[in-house]
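Take a look at the structure set out below.
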Amino acid sequence: MLALVDCNNFYASCERVFRPDLEGQPVGILSNNDGCVIARSNEIKPLVAMGMPLYQIPPDIRRRVTLLSSNYALYGDMSRRVTQTLREFSPEIEVYSIDESFVHLEGFPRDGIEGHCQRLRQTVKRNTGIPVSVGVSTSRTLTKIANHRAKKIDAYGGVCIMEPDSSATRQALSQLPLTEIWGVSGRIAARLMDLGINTALDLRDADPKRIRRHFSVLQEQLVYELRGVSCIETDDLGEPKKRIMTSRSFGTATNHYPDIAEAIRTHASRGAEKLRKQGSVARALMILLRTNRHRPDLRQHNPDLVVQLPHPTDDTRLIVQTAQRALRAAYERGPRYMKAGVMMIDLADKATLQADLFDAPQSQEEARKSEALMSVVDKLNTQMGQDTIRLGGQRKDAVWQLRRDYLTQRYTTEWGELPRVKVR
């Protein structure tokens, strides 16, 4: 069995941990430079639309809600705390995004899973103050559906278990639109409906070979996933992702900074390429380093550090520069690392991204030049081979002064100011 643990209204919940007066109040989180609303509590959703520019929110609504600048140092540290707590309940945790993780439950008796997940929810809430919902099933697609039901239907008490072949699961799938299935876009849903497949249950009962003839192996796998057969990994889906992770284990554990920096630089470049390929930009990124958890005799250090980008971007240069800056803050000399990775988070559709009202003309010109340059780099790397054009040594740190007039205190101090460390 597999569980998807999703933090409820994560950014707003992080703020509420240190601002109890905001509990039950409408809270919205603003994008870089306080441009538009990118995250909302349940209470603010009927009042303010996702992506609404700050200047368009009517004054009478502004007086009724609390709007806060995004504080990624806080959100990243709270995400790390939640993940640490989850590790108390399973030896295998698969981080999917800043607020979602898959928890493997192999070996747990099925009749004890609900109690185990309820204890997980209570412990996360007690240790971090963050409320979570848990969806459990035998495939990632069904856990996503179960998690949505756990979050929306109070009767589940925050934990929904979907047994693949139960009548309750079939009933739920019969009411689920195709576009609410993980990995099914509006375009694919329209093509499925042309074949007479209108709900998740219809897709579950469809002939997998027929689906593959009309689509691809991914849609064929979705049929099996809806039947409870796990065959899709988190990076296999072709949909625009909520996050993009690139990581790899080292052939030999090392604490040699230049080697680790090269790995981070490579992963950041790959992530930027994937952003451009799916037409997205990232507002922040997270770097991760891992030591060998199977060697308790060695010093352990497993940082997950989230850093805000100066503006939503898909520019390899800026993404690599920010990732290297984060690495200098997270790296320690003593531990021997065996894995490194970079995750692009808080993604937005580049084509529909709300432009910053305060962007100067020269900033817009720089954006056009960046897009042209990245297009050339991608074309050369496609035609001439990967890494034909790549970034080399470390760049000098840039100091970005973002406008964040509504920023809460930096309750997170461990990495909040990204201290520089000397590296020999």
Modelled atom types, side-chain donor and acceptor of Asn8 and Ser133, under 3.5 Å: yes
Value rounded to 0.5 Å, distance of CE in Met286 from CE in Met344: 11.0 Å
Under 3.5 Å donor-acceptor, Ser375 side chain and Glu371 backbone: no
Spacing of CD1 belonging to Ile244 relative to CG belonging to Leu285, to within rounding of 0.5 Å: 12.0 Å
Pairwise distance CG(Leu178) to CD1(Ile188) - rounded to 0.5 angstrom: 10.5 Å
Step-by-step side-chain contact (heavy atoms from CB on, under 4.5 Å) determination, Phe18 to Met78: CA-CA 11 Å; Phe18 300 96; Met78 294 303 292; 4.1 Å; yes
Candidates Leu67, Thr66, Val27 - the one meeting side-chain contact (heavy atoms from CB on, under 4.5 Å) with Ile44: Leu67
Salt-bridge contact Asp165-Arg204 (side-chain N to carboxylate O under 4.0 Å): yes
Leu226 and Ile181, any side-chain heavy atoms less than 4.5 Å apart: yes
Side chain Asp346, main chain Arg283, donor-acceptor under 3.5 Å: no
Which residues share a salt bridge (charged side-chain N to carboxylate O under 4.0 Å, His left out) with Arg276, sequence neighbours left out: Asp378
All pairs passing salt bridge (Lys or Arg N to Asp or Glu O under 4.0 Å) where residues 177-200 contributes a residue, at least two apart: none
Heavy-atom closest contact (Ile29 atom, Ala12 atom, distance): CG1-N, 4.2 Å
Contact list for residues 198-224, test ring pair (Phe, Tyr, Trp, His ring centres under 6.0 Å), sequence neighbours left out: none
Heavy-atom pair with the smallest gap, counting every atom of Ile264 and Gly341: CD1-O, 3.8 Å
Steps toward side-chain contact (heavy atoms from CB on, under 4.5 Å) verdict (Leu289, Leu327): CA-CA 9 Å; Leu289 299 174; Leu327 175 62; 3.9 Å; yes
Main-chain N/O of Asp6 paired to Asp99 side chain as donor or acceptor, under 3.5 Å: no
Partner residues of Tyr11 under the ring pair (Phe, Tyr, Trp, His ring centres under 6.0 Å) criterion, sequence neighbours left out: Tyr72, Tyr75
Test: Asp304 and Arg290 ion pair at under 4.0 Å: yes
Flag side-chain contact, heavy atom, 4.5 Å: Ser41 against Arg16: yes
Stepwise side-chain contact (heavy atoms from CB on, under 4.5 Å) check, Leu30 with Val37: CA-CA 4 Å; Leu30 300 170; Val37 177; 3.9 Å; yes
Side-chain touch Pro131/Lys125, heavy atoms, less than 4.5 angstrom: yes
Sole residue of Val229, Leu222, Val223 in side-chain contact (heavy atoms from CB on, under 4.5 Å) with Thr141: Leu222
Sidechain-backbone polar pair: Thr246 side chain, His267 backbone, donor-acceptor under 3.5 Å: yes
Salt bridge Arg140-Glu94, side-chain N to carboxylate O under 4.0 Å: yes
Heavy-atom closest pair, residues Met245 and Leu288: CE-CD2, 3.1 Å
Thr138 (side chain) donor-acceptor with Gly228 (main chain) under 3.5 angstrom: yes
Distance-only donor-acceptor check, side chains Tyr337 and His301, under 3.5 Å: yes
Heavy-atom closest contact (Pro164 atom, Thr169 atom, distance): O-CG2, 3.8 Å
Thr322 side chain vs Leu309 backbone, donor-acceptor pair below 3.5 Å: no
Residues that Ile153 engages under side chain to side chain contact (heavy atoms under 4.5 Å, CB included), provided they are two or more places apart: Arg149, Ala155, Tyr156
N/O donor-acceptor pairs under 3.5 Å from side chains in residues 108-117, not counting sequence neighbours:
residue: Arg110; atom: NH1; partner: Glu163; partner atom: OE1; Å: 2.7
residue: His116; atom: NE2; partner: Phe89; partner atom: O; Å: 3.1

Ser69 side chain to Asp34 side chain, donor-acceptor N/O pair below 3.5 angstrom: yes
Modelled atom types, side-chain donor and acceptor of Glu88 and Thr123, under 3.5 Å: no
Thr128 side chain near Val17 side chain, heavy-atom distance below 4.5 Å: no
Within-4.5 Å side-chain heavy-atom neighbours: Pro26 and Arg64: no
Side-chain donor/acceptor of Ser79 to backbone N/O of Ile98, under 3.5 Å: yes
Contact summary for Ala323 and Ile287, nearest pair of heavy atoms: O-CG2, 4.0 Å
Evaluation steps, side-chain contact (heavy atoms from CB on, under 4.5 Å), between Thr143 and Met1: CA-CA 9 Å; Thr143 62; Met1 297 290 277; over 6 Å; no
Nearest atoms (heavy-atom pairs only) where Pro335 meets Thr291: CB-CG2, 3.8 Å
Heavy-atom check, side chain of Thr85 versus side chain of Val82, under 4.5 Å: no
NZ/NE/NH1/NH2 to OD/OE distance under 4.0 Å, Lys151 and Glu100: no
N/O donor-acceptor pair under 3.5 Å between Gln324 side chain and Ala261 backbone: yes
Aromatic ring pairing Tyr96/Trp182, orientation class (parallel under 30°, perpendicular over 60°, tilted between): perpendicular
Heavy-atom side-chain proximity of Thr199 to Asp202 below 4.5 angstrom: yes
Polar side chain donor-acceptor pair, Gln300 to Arg293, under 3.5 angstrom: no
Lys277 NZ: over 12 foreign heavy atoms closer than 6.0 Å: no
Sub-4.5 Å side-chain heavy-atom contact between Lys45 and Asn9: yes
Residues Asp207 and Lys209 bridged, charged N to O under 4.0 Å: no
Whether over 12 other heavy atoms sit under 6.0 Å from Arg248 CZ: no
N/O donor-acceptor pair under 3.5 Å between Ser139 side chain and Glu225 backbone: yes
Side chain Arg121, main chain Val132, donor-acceptor under 3.5 Å: yes
Candidate list Asp314, Val281, Leu275, test side-chain contact (heavy atoms from CB on, under 4.5 Å), partner Leu347, passing option: Leu275
Asp77 vs Arg80, salt bridge (charged side-chain N to carboxylate O under 4.0 Å, His left out): CA-CA, chis, key distance, verdict: CA-CA 5 Å; Asp77 187 56; Arg80 179 182 60 82; 2.4 Å; yes
